[in-house]
Each structure stands twice: as C-alpha cells, then as structure tokens.
Amino acid sequence: MPIAVPVEPKPKEDVLRLIALNELHTDEALAKELLAAAHSDGFFYLKDHGIPQELIDGAFETSSSYFLGAGQEEKTPGNGDMGYTAPRQEALSWFMPSSGDLKESFFYADNTWMASQGRHQDLPATLEKKREVLDAYTAACKSTAQRILRGLAVALGWDKEALVKYHNGQHNRLRLLHYPPIPKDHQPADPNVTDVRAGAHTDLGSLTLLFQHKVSGLQVKRNGEWLDVPPKDGCLVVNIGDALEFWSGAKLRSTIHRVVMPRTSAEQASRFSIAFFIQPDDETVLEPLGSSPVSAKEFGDIIESKGVPRDTKRVLGGEYKRMRVMRAQKQNAIPA
Ligand SMILES: O=C(O)CCC(=O)C(=O)O
Ligand SMILES: [Fe+2]
C-alpha cells in the first residue's frame, strides 16, 4: 500500500505585486509600478532583476558550505553589524517578547567601500576562499538596488540621483542567513515566549533585496494579517526599509515582516536566505526630502512607530543603524 504523503496547501499565486524590469521600458513606467508597490505593501517580487543565476547559486553554495561545513572556530560572534551572529544572539523584534531568533548569519560589508577606506573585513577561512563570489554578488545586488532607488526618486518627483547619492556603500551589508533545522519535538527556551525564526521587524535601511532558497516561512503584515511570501522562481523579494519611509514621509512603506517556525515537514529543514541591505551613509539626514506634505507631528508619529523618541532632533543614517543593531542584540553585543 502506498504511503500517504501529506499534501501541502499550495500558496496563492502572486500574493505580492510582481514587477518585471524587462517589461518597463521608460523611467516613468518603472516609477509608476514601483510607487504602487512601495506605497501599498512596501514589498514586491522583482523579475528580470539582472542578478545572474550563477551568482545566486554560487552565493547559496558559499553560504551552505560555511554554515553546514565550518567548525565552531569559524563562528565567533561579532557585534551584530559585521561577521557572524549565533542562534538566539539577535531578537529582531523590539516590540514582541523573545528568547532570541532561531537563525545564524554572517554580515559581509561592501568590499569596494572598505577598500576605498584602506580597510578590510577579516573573514573565516571558508568564506575567505569565496571572497570573489561574495564581491561579485554584492556588486550585482548593488546595481539592481541603485536602479530601484532611481525609479523611486523619479516616482517621488525628485532628481533621479537624489537617493543613490546617499548610498556610497559604508553601511551596505550582504547577509547570509541560515535557519537551522527544527526538530519535531522542539521546546521553546522559555515556555511563556513563542519561538520564531526571525522576529517581526521592519528593515532599518533603504532597500532589501532578498533571495529565499526553496523553503518558505517569510510573512509580511498586510491590514493586520500575516501574508505568506514564498520563494518564487526567478524572482527576488524587494522591500522598502525605514530610511525610505522617513525620507518619503511614509509615502513609501517599511512593512513589518517575520520568519515563522516550521508549519510543514518541508519547513523543518534548514532554511537559507540571502539579503542585501542597501543602507544610507553615516551622516545622511533621514528627514522628509523635497517639498513633502508631512507635518512635524506626522513625522514624529512615523519615527515613534519605529521606537525613536518623537522629539529627536535629527535622525542620522549611521546613528539609526547603530541604535537598531544594539537594540536587536540579546547576547554577545559589543557596543559600537
Ligand atoms: O530570511 C528571510 O526570509 C527574511 C530575513 C529578514 O527579514 C531580515 O534579515 O531582515
Ligand atoms: Fe527583514
């Protein structure tokens, strides 16, 4: 007798808007699509993103060889901004109780920017061997992110370079993420706190370009409900971060998302994803740009919703990032 295999519910197709870059031939056409997506969900699938499949495959291979193959000596926790982060080191949600996210990761800084400063990020041996792969992948992501930043600037009626110029790479990060397998009999660290692979949060920077490798779990909040955003062949998931919400006076929305614990046997496996965060430079002022209709009170509401006191004089790119990184550290945090 054949063994019954549980059928997993098929996710609804295209829960998010899908933007196909090759089908949008003018700046204006791209701008219109981007604005609609960035204003509604703040999340969209991006097709024809220009990041070659070999680079994506190479980056995932590098990630799995590091997380699954490297010894503990290659996994010394860093300060939450560069290098390795251990399971439960970080709690991305600052508004939900947490015993720490069930993920490990590695933050790789933008090597082009580092080199321009005569600096160099030391890497564990497994990643050092693949530095070229990480650099090529980062460069491809950066170029796609810049294209989107230009489209959004046009959409908001600003100069085409109005946003790109604030991203010289100082705070850009490639983040290799691994969510370890969860055994069926997993017990939470604290029986009163629900475990999560990545706690509910908004991204702190400008844009995030995310590839998920086959295993689902990402959810985005829409009208108070959680919406599944499964991996989609040939597509990146792109989302708006807090910096763009601040600059645009919330015309562009930085939406809460999370990665849930396994719901199916497929999701119990290791989950890999790779995020590229394009983030504003240190001294960039994150206040409404251009002739924004946002009042001081409205801007106070926006920053307060991200946990920044409403009377803060100036929100700066680097400072905001440091605050967010520190706030997310549960263990091993080294003050910036
Ligand atoms: O792994 C994912 O799918 C999402 C990760 C994420 O939201 C983040 O690292 O900010
Ligand atoms: Fe995120």
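Throughout, residue positions are numbered sequentially from 1 according to the sequence presented. Bear in mind that the values here come from a model prediction, so they are computed numbers and not experimental data. Every number for a ligand or one of its atoms is a count from 1 in the order of the listing.
Residue-and-atom listing of protein N/O/S atoms under 2.8 Å from the Fe ion (ligand 2), sorted by chain and number: His201 NE2, Asp203 OD1, His257 NE2.
Through side-chain heavy atoms spaced under 4.5 Å, either directly or across other Ile, Leu, Val, Met, Phe, Trp or Tyr residues, Leu316 is tied to Val285.
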Could you tell me, for ligand 1, which of its N or O atoms are under 3.5 Å from any protein N or O, listing the pairs and their distances rounded to 0.1 Å?
from     : atom 1 : to     : atom 2 : distance (Å)
ligand 1 : 1 (O)  : Tyr179 : OH     : 2.6
ligand 1 : 1 (O)  : Arg271 : NH1    : 3.0
ligand 1 : 1 (O)  : Ser273 : OG     : 2.7
ligand 1 : 3 (O)  : Arg271 : NH1    : 3.1
ligand 1 : 3 (O)  : Arg271 : NH2    : 2.9
ligand 1 : 7 (O)  : His201 : NE2    : 3.2
ligand 1 : 7 (O)  : His257 : NE2    : 3.1
ligand 1 : 10 (O) : His201 : NE2    : 3.0
ligand 1 : 10 (O) : Asp203 : OD1    : 3.1

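Under the 3.5 Å distance criterion, with hydrogens and angles disregarded, no donor-acceptor pair is assigned to the side chains of Ser99 and Asp190. For the residue pair His171 / Asp81, no side-chain donor-acceptor distance below 3.5 Å is found, with atom types taken as modelled.
Residue pairs meeting the ring-ring contact (aromatic ring centres under 6.0 Å, His included) criterion with at least one partner in residues 67-117, sequence neighbours excluded, are Tyr66-Phe106, Phe67-His178.
Ring geometry for His213 versus Phe60: interplanar angle of 30 to 60°, hence tilted.
Residues Thr144 and Leu46 have side chains in contact (heavy-atom distance under 4.5 Å, counting atoms from C-beta outward). Inter-residue side-chain proximity for Ser254 and Lys306 is flagged as met; some heavy-atom pair is nearer than 4.5 Å. Two residues are said to be in side-chain contact when any heavy atoms from C-beta on lie closer than 4.5 Å; Thr85 and Asp101 fail this criterion. At least one side-chain heavy atom of Lys297 sits under 4.5 Å from a side-chain heavy atom of Arg310.
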